[in-house]
Amino acid sequence: MALPTGTIVDLTLLLAEELPCTWPGHMPYQQKTFNFFEDGGTTEAHLQSHCGSYQTRWLLIDEHTGTHMDAPAHFLPGSHTGIDGASEVGDITAEHVPLEQLMGPAVVIDVEFLLDAEMAPGVSPAITAEHIRDFEREHGEISAGDIVLFRARWDEKHYRTGLDGRAYAHDGVILKTGPAWPAPIAETLDYLTAKGVRCVGTDGPSMGSAHDGGGVHLAGLGNGAVFIEALGHLGALPTRGADFVFAPLKVARGTGAPGRAFAFV
């Protein structure tokens, strides 16, 4: 397979303890130095050379940290579980998502205008199927194999260090005191998956809304689609013409996996 040509645009958020890279309430992301070149004190911590003169760090990381993929198993119980709603779709864990499902022509739908809607704190503006149809009337039909990406520039506005980063997800999800990112409703995912779309991305922290995220996950993942959440820098992509790629970690039995997202423009 020949690689696409053009400029490579990195669409991946930076992972750091001081950034809001973990879903509020989940295990926070951590990275610590395990082995340093030599014993010594620093302003951050006491570093030791346990194993020789090199540096390595360990990570504590949720599957849904930073820019990551949701596999169907995230919301659909596997066929072996006996849980209500169990199905073979729920057997699709991270390592079973084919790489070809995670690459294809990018269709970037701008939804930033929805942030102007009068919404209660902690309630996401809805991306509806009619919004998609409006887009298609102007920019052409969405086809099977297209990668649909929702661009609200949410990362540009709120992916910040320290307390400033609480506006990214914490204030809207936990405290219900701040605005929330635009999110599609279940009908929107039904519309897209009926057209053959099998990968949908967003620069919000979740494809689901801040106030009710379950329905859209069941609709999209339940139809065999996967989500790429917490993308960054979608403003660097044209509406059409870029080739999108997401390369997840191959996590056994994973409900999702972090990875690297990029596009050829």
Side-chain angles (χ1 to χ4, degrees), residues 1-15 64-72 74 92 94-112 127 129 131-156 159 181-184 188-189 191-207 216 220-221 223-251 254 256-265:
M1 173 182 171
L3 287 174
T5 59
T7 301
I8 297 177
V9 178
D10 189 354
L11 305 174
T12 316
L13 295 181
L14 180 68
L15 297 186
H64 303 269
T65 297
T67 305
H68 66 275
M69 171 186 72
D70 283 0
H74 187 32
I92 304 174
E95 76 274 34
H96 297 305
V97 175
L99 290 177
E100 55 266 28
Q101 188 173 353
L102 303 171
M103 58 181 71
V107 177
V108 183
I109 300 179
D110 201 304
V111 295
E112 187 178 8
I127 304 170
H131 289 133
I132 307 301
R133 287 189 282 269
D134 286 344
F135 173 89
E136 290 179 304
R137 282 189 279 269
E138 183 174 354
H139 300 286
E141 291 283 324
I142 294 169
S143 304
D146 284 343
I147 309 291
V148 174
L149 306 175
F150 294 120
R151 178 176 63 202
R153 301 178 189 267
W154 193 255
D155 60 305
E156 296 177 30
Y159 199 69
W181 60 94
T188 310
L189 265 297
Y191 180 77
L192 289 173
T193 56
K195 295 176 77 69
V197 173
R198 292 294 178 265
C199 182
V200 185
T202 176
D203 62 13
S206 174
M207 191 64 67
V216 74
L221 303 180
N223 282 321
V226 296
F227 295 156
I228 312 299
E229 298 174 326
L231 286 161
H233 322 302
L234 289 182
L237 299 188
T239 301
R240 289 184 182 267
D243 293 297
F244 177 87
V245 179
F246 181 72
L249 295 177
K250 197 171 184 178
V251 180
R260 200 72 182 255
F262 54 96
F264 296 89
V265 178

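- Contact check on E95 versus K250 returns no salt bridge, with no Lys/Arg side-chain nitrogen under 4.0 Å from an Asp/Glu carboxylate oxygen.
- Here the side chains of T67 and F246 are in contact, with some heavy-atom distance below 4.5 Å.
- Using a distance-only test at 3.5 Å, with no hydrogens or angles considered, no donor-acceptor pair links the side chain of D70 to the main chain of G256.
- Under the 4.0 Å criterion applied to side-chain N and carboxylate O atoms, R151 and D110 are assigned as salt-bridge partners.
- A261 approaches L231 most closely through the heavy-atom pair CB-CD2, 3.5 Å.
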Before giving the answer on side-chain contact (heavy atoms from CB on, under 4.5 Å), spell out for L11 and F244 the whole-Å C-alpha distance, their side-chain angles and the decisive distance to 0.1 Å. CA-CA 9 Å; L11 305 174; F244 177 87; 3.8 Å; yes

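- Put simply, the side chain of M69 reaches to within 4.5 Å of the side chain of V97, judged on heavy atoms.
- Using a 4.5 Å heavy-atom threshold, the side chains of P248 and L102 count as touching.
- Contact detail for P238 and V265: the closest heavy-atom pair is CD-CG1, 4.0 Å.
- Without hydrogens or angle criteria, N223 side chain to T193 main chain gives no donor-acceptor distance under 3.5 Å.
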List the steps and the verdict of side-chain contact (heavy atoms from CB on, under 4.5 Å) for L149 and L237. CA-CA 10 Å; L149 306 175; L237 299 188; 4.0 Å; yes

Would you please test Y159 and L13 for side-chain contact (heavy atoms from CB on, under 4.5 Å) and show each step? CA-CA 9 Å; Y159 199 69; L13 295 181; 3.7 Å; yes

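- No more than 12 heavy atoms of other residues, nucleotides or ligands sit less than 6.0 Å from atom CZ of R260.
- Salt bridge annotation for K195-E136: present, with a cationic side-chain nitrogen under 4.0 angstrom from a carboxylate oxygen.
- Side-chain N or O atoms of D146 include none that pairs as donor or acceptor with a backbone N or O of V148 at under 3.5 Å.
- The minimum heavy-atom distance between I228 and C199, with the atom names listed, is CG1-SG, 3.8 Å.
- In this structure a side-chain-to-backbone donor-acceptor pair under 3.5 Å is missing from W154 to P205.
- In terms of modelled atom types and a separation under 3.5 Å, the side chain of T188 and the main chain of I127 share a donor-acceptor contact.
- Under a 3.5 Å cut-off, the side chain of E229 and the backbone N or O of H64 do not form any donor-acceptor pair.
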Would you check, one step at a time, whether the test side-chain contact (heavy atoms from CB on, under 4.5 Å) holds for V226 with Q101? CA-CA 8 Å; V226 296; Q101 188 173 353; 3.8 Å; yes

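- Panel note: side chain D155, backbone H233; a donor-acceptor pair is recorded below 3.5 Å.
- Counting only heavy atoms from C-beta outward, the side chains of V197 and Y191 never approach each other to under 4.5 Å.
- Side-chain contact between I8 and F264 is present, with at least one heavy-atom pair separated by less than 4.5 Å.
- For the pair R240 (side chain) and G140 (backbone), a donor-acceptor distance under 3.5 Å is present.
- Side-chain atoms of H68 come within 3.5 Å of backbone atoms of G66 as a donor-acceptor pair (strictly under, hydrogens ignored).
- At a threshold of 4.5 Å between non-hydrogen side-chain atoms, the residues V200 and F150 count as touching.
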